[in-house]
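Remarks on the structure that follows.
One-based numbering, in listed order, for ligands and for the atoms of each. Values below: every heavy atom of this structure, side chains too, minus hydrogens, waters and symmetry copies. Here, residue 1 is the first one in the sequence, and each next residue gets the next number.
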Amino acid sequence: MTYRQLYSESTCLKEAFWMKEARRISWFNLPESILTPVDQYRNNWYEGGTLNTCYLAVDHHVENGRGDQMALIYDSPVTGRKEKYTYRQLQDEVSMLAGVLNERGVEKGDRVIIYMPMIPQVVFAMLACARIGAVHSVVFGGFAPHELAIRIDDASPKAILAASCGKEVSKIIPYKPILDAALVEANHKVDSVIIYQRELLKAELKEGRDYDWEELLKTSTPVSWVEVDATDPLYILYTSGTTGTPKGIIRDSGGHAVAMHMSMEYIYGVKPGDVFWAASDVGWVVGHSYIVYAPLIYGCTTIVFEGKPVRTPDPGTFWRVIDEYKVDVLFTAPTAIRAIKKEDPEGKFKERHDTSSLKKLFLAGERTDVATYEWATSLLEVPVIDHWWQTESGWPMLANPTGVGMKKIKPGSAGLPVFGYDIQIVDHDGNELPPNTEGIVVVRLPLPPGVLPDLWKDPQRFESAYMTQFPGYFSSGDGGFKDEDGYVYITGRIDDLINVAGHRLSTAEMEEVVASHPEIAECAVVGIENELKGQIPVGYVVLKAGSNIPFDLIEKDLIHMVRERIGPVASFKTVIRVERLPKTRSGKILRNIIRSIADGKPFTTPSTIEDISVLNELKQVMTMMEV
Ligand code: COA
Ligand code: AMP
């Protein structure tokens, strides 16, 4: 079957296509219906079907002859540790940890927060939750206590699984004090906090609430999987929205498992047994889908890498890992490739390793710029494939379907619509636009399996954030255009979200923190272009009249506040003092104009601008600064 045939089946003969795909995974009860409308915005996939995602990712392989195949390889250049787990060993680890959770009173439907670095135990934790039908919510390690507290209150977990510390290059990050501070701030009370004590740094445990992971394992008994409904949530993953409060993306069980399985074959073009390495973090959606669920459900070997593309110890780390484990497919963010290119532009470190096992490099998280595409292609001599997706989708929406016949690669484009995604470009009134006209990228409803069915405890926000702006479509929040061959080019967010080193962040959230400083009258935080990280946040602040505190102290304060409140991952390091901000007559700050001036890009001055002379002031400030 060609891409065109499969794609048209997936969108026109939906029920038949998605039933066929569903039959390729193992169900306890096959679904009674494929696609069931719930209301005008929502639909359920695979109602009546029962399954267990941990069973699919682990036990199924042990039962079907893959017990001795490597399931997980842990490689940690920051600690010097390397470990390997076969599917059978993974089954032992996960069923014992599931036993611990059960003994701590965690049951089907309960939520569990996981706050851990890139160690094998984080994968065991996710799978152990899935095994007993508990809903995990992984929080990225680079977030501060406040962000963790918001998620604890929203998800109301019965237990938290955490590690005593993480390691960032050479810096040990104590996780337990961050967790303790979050638990003080949160209103929700957690029954059990289970700490994996790393040799690097042991944490103090609070009697009656905190438990030692390894100690609990000693007395645990292994437990088997429970059956869950296809529509039961597997996890909640919080992601930045355009307000200060993150959105809890729900992932259902059945649609997700089908989508994960299918994407490995059709998009990534791998075979069971291949080594698939997503060099990301389990705190992000890429990590959920392509470090944990998809490779394991598909019977591949996955790699848990605790390091960075550079400095751990050098820009040859990725090539060393590919060589050592004979990686077939690498998936990372363009920023990681740019970081390597910056330190080793001629690719000398690559010459020290044999990367001939590598068949493809997939990039996502931000647009792959043409220079990065060309550099990676000539260095690795394999197809370099940009593909586009979001936390909301959980799997690619645009890609090159390499498993069903690789299509021509057009540098700068994220590729063709993936099976089940009817992608259109619309104007602000929702009219579909002709080729090569830039607009907003939307997906015609119903959304395919695996895409978010709703937001956790916030159905109204689900509707207002994604569904009501363009009736009949899911609004992605990204701008872009299609060419005459149907390839889509993503041009960037149309809202206040920014992408810093492949991490999605909300400038609104940073503005809230900056605005809370007593010396600040008003502010705008915008994402401006950055050669390495894609974008970085920059704060533009107007001080209160009469403020007499030296600006460098205020700047330090603001940087510290954002780091303490949101986390180091925000990379908020630049604050610019201005006398005024450009606004419309109704008082709306013109953030896109600030961004264009900072990026040196042309822009159209709106007729509603309050005072046009402010733009010259801004330009002057920018020419004096080097951001
Ligand atoms: N726990 C604690 N702190 C963390 C963290 C974690 N898991 N991840 C990042 N941080 C901290 C970093 O230590 C850094 O702190 P600092 O300001 O004290 O130096 C800060 O957050 C910013 O981190 P990062 O954005 O990662 O910048 P960096 O300079 O350390 O590394 C890159 C830059 C490009 C090498 C790195 O961001 C990278 O590899 N990006 C790829 C991202 C990715 O895989 N995204 C997923 C989509 S596929
Ligand atoms: P996240 O939800 O963290 O995965 O971030 C999703 C956002 O990252 C998207 O809405 C895009 O803005 C951006 N993004 C991800 N992949 C790509 C890509 N291949 N090209 C352009 N933007 C991308």
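Exactly one residue among Phe331, Phe349, Trp277 makes a ring pair (Phe, Tyr, Trp, His ring centres under 6.0 Å) with Phe318. That residue is Trp277. Evaluated for a side-chain hydrogen bond (donor to acceptor under 3.5 Å, both in side chains) with Glu529, the options Arg595, Lys601, Gln535 yield exactly one hit, Lys601.
Under a 3.5 Å cut-off, the side chain of Asp328 and the backbone N or O of Val275 do form a donor-acceptor pair.
Look at Lys556 and Asp552 and you find no salt bridge, because none of the NZ, NE, NH1 or NH2 atoms lies under 4.0 Å from a carboxylate O. Taking the charged nitrogens against the carboxylate oxygens, Lys82 and Glu324 do have a contact shorter than 4.0 Å, which makes a salt bridge. A salt bridge does not link Lys408 to Asp485: none of the charged nitrogens lies less than 4.0 Å from a carboxylate oxygen. Here Lys342 does not pair with Glu531 in a salt bridge; the nearest charged N to carboxylate O distance is not below 4.0 Å. Looking at Glu511 and Arg591, a side-chain N of the basic residue comes within less than 4.0 Å of a carboxylate O on the acidic one, giving a salt bridge. A salt bridge is absent between Asp274 and Lys359: the closest approach of a Lys/Arg side-chain nitrogen to an acidic carboxylate oxygen does not fall below 4.0 angstrom. The existence of a salt bridge linking Lys308 and Glu343 is excluded, since no basic side-chain nitrogen approaches an acidic carboxylate oxygen closer than 4.0 Å.
Residue Met118 places no heavy atom under 4.0 Å from ligand 1. Note on ligand 1: Arg338 sits outside its first shell, no heavy atom being nearer than 4.0 Å.
Only side-chain heavy atoms of Ser571 come within less than 4.0 Å of ligand 1; its backbone N, CA, C and O stay farther off. At a heavy-atom distance under 4.0 Å, no atom of Ala278 approaches ligand 1. Within the 4.0 Å heavy-atom criterion, neither part of Trp284 lies near ligand 2. Counting heavy atoms under 4.0 Å from ligand 2, residue Gln390 touches it through both backbone and side chain. Residue-level proximity to ligand 1 for Lys573 is carried by the side chain, the only part with a heavy atom below 4.0 angstrom. Looking at Glu366 against ligand 2, only its backbone comes within 4.0 Å, counting heavy atoms. If you look at Tyr175 next to ligand 1, the close heavy atoms, those under 4.0 Å, all belong to the side chain.
The shortest side-chain heavy-atom distance between Phe474 and Ser476 falls under the 4.5 Å cut-off. Contact check for Phe462 versus Leu452: side-chain heavy atoms found under the 4.5 Å cut-off.
Closest protein heavy atom to atom 21 (C) of ligand 2: Arg367 N, 3.2 Å. The protein atom (non-hydrogen) at minimum distance from atom 46 (C) of ligand 1 is Ser280 OG, 3.3 Å. With respect to atom 20 (C) of ligand 1, the closest heavy atom belonging to the protein is Pro568 O, 3.3 Å. In this structure, the protein non-hydrogen atom closest to atom 43 (C) of ligand 1 is Ala333 CB, 4.0 Å. Among all non-hydrogen protein atoms, the one lying nearest atom 16 (N) of ligand 2 is Gly365 N, 3.1 Å. Distance from atom 5 (O) of ligand 2 to its nearest protein heavy atom, with residue and atom name: Arg504 CD, 3.4 Å. In terms of protein heavy-atom proximity, atom 25 (O) of ligand 1 is nearest to Lys533 NZ, 3.4 Å. Distance from atom 8 (N) of ligand 1 to its nearest protein heavy atom, with residue and atom name: Phe140 CZ, 3.3 Å. With respect to atom 13 (C) of ligand 2, the closest heavy atom belonging to the protein is Asn499 ND2, 3.4 Å. In this structure, the protein non-hydrogen atom closest to atom 9 (C) of ligand 2 is Asp478 OD2, 3.2 Å.
Remark: Arg151 is positioned above the aromatic ring of Phe143, its terminal NZ or CZ atom under 6.0 angstrom from the ring centre and at most 45 degrees off the axis.
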Original post:
side-chain contact (heavy atoms from CB on, under 4.5 Å) between Thr239 and Gln390: does it pass, once the steps are laid out?
Top reply: CA-CA 10 Å; Thr239 188; Gln390 309 181 309; over 6 Å; no
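Summarising the contacts of atom 44 (O) of ligand 1 with Ala279, Gly502, Pro315, the nearest heavy atom is found in Ala279. When the heavy atoms of Ala501, Gly166, Pro309, Ala336 are ranked by distance to atom 37 (O) of ligand 1, first place goes to Ala501. In this comparison of Ile178, Val169, Thr335, the heavy atom closest to atom 34 (C) of ligand 1 sits on Thr335. Closest heavy-atom approach to atom 28 (P) of ligand 1 among the candidates Glu168, Lys171, Met116, Arg311: Arg311.
In this structure, Tyr421 has its ring center closer than 6.0 angstrom to the ring center of Trp395. Within the 6.0 Å centre-distance limit, the rings of Tyr290 and Trp389 are counted as a close aromatic pair. Taking the six-membered ring where the residue is Trp, the centroids of Phe419 and Tyr266 are separated by under 6.0 Å.
For ligand 2, the atoms closer than 4.0 angstrom to any heavy atom of Trp389 are 6 (C), 9 (C), 15 (C), 16 (N). Distances below 4.0 Å separate heavy atoms of Thr391 from the following atoms of ligand 2: 1 (P), 2 (O), 3 (O), 4 (O). Atoms of ligand 1 found under 4.0 Å from any heavy atom of Val569 (numbered from 1 in listed order, with element): 21 (O). Close contacts between ligand 1 and Ala364 involve ligand atoms 48 (S) [criterion: under 4.0 Å to a heavy atom]. If you number the atoms of ligand 2 from 1 as listed, the ones under 4.0 Å from a heavy atom of Ile490 come out as 21 (C), 22 (N).
The protein reaches atom 12 (C) of ligand 1 closely, with a heavy atom under 4.0 angstrom from it.
The shortest N/O to N/O separation between Lys308 and ligand 1 falls below 3.5 Å.
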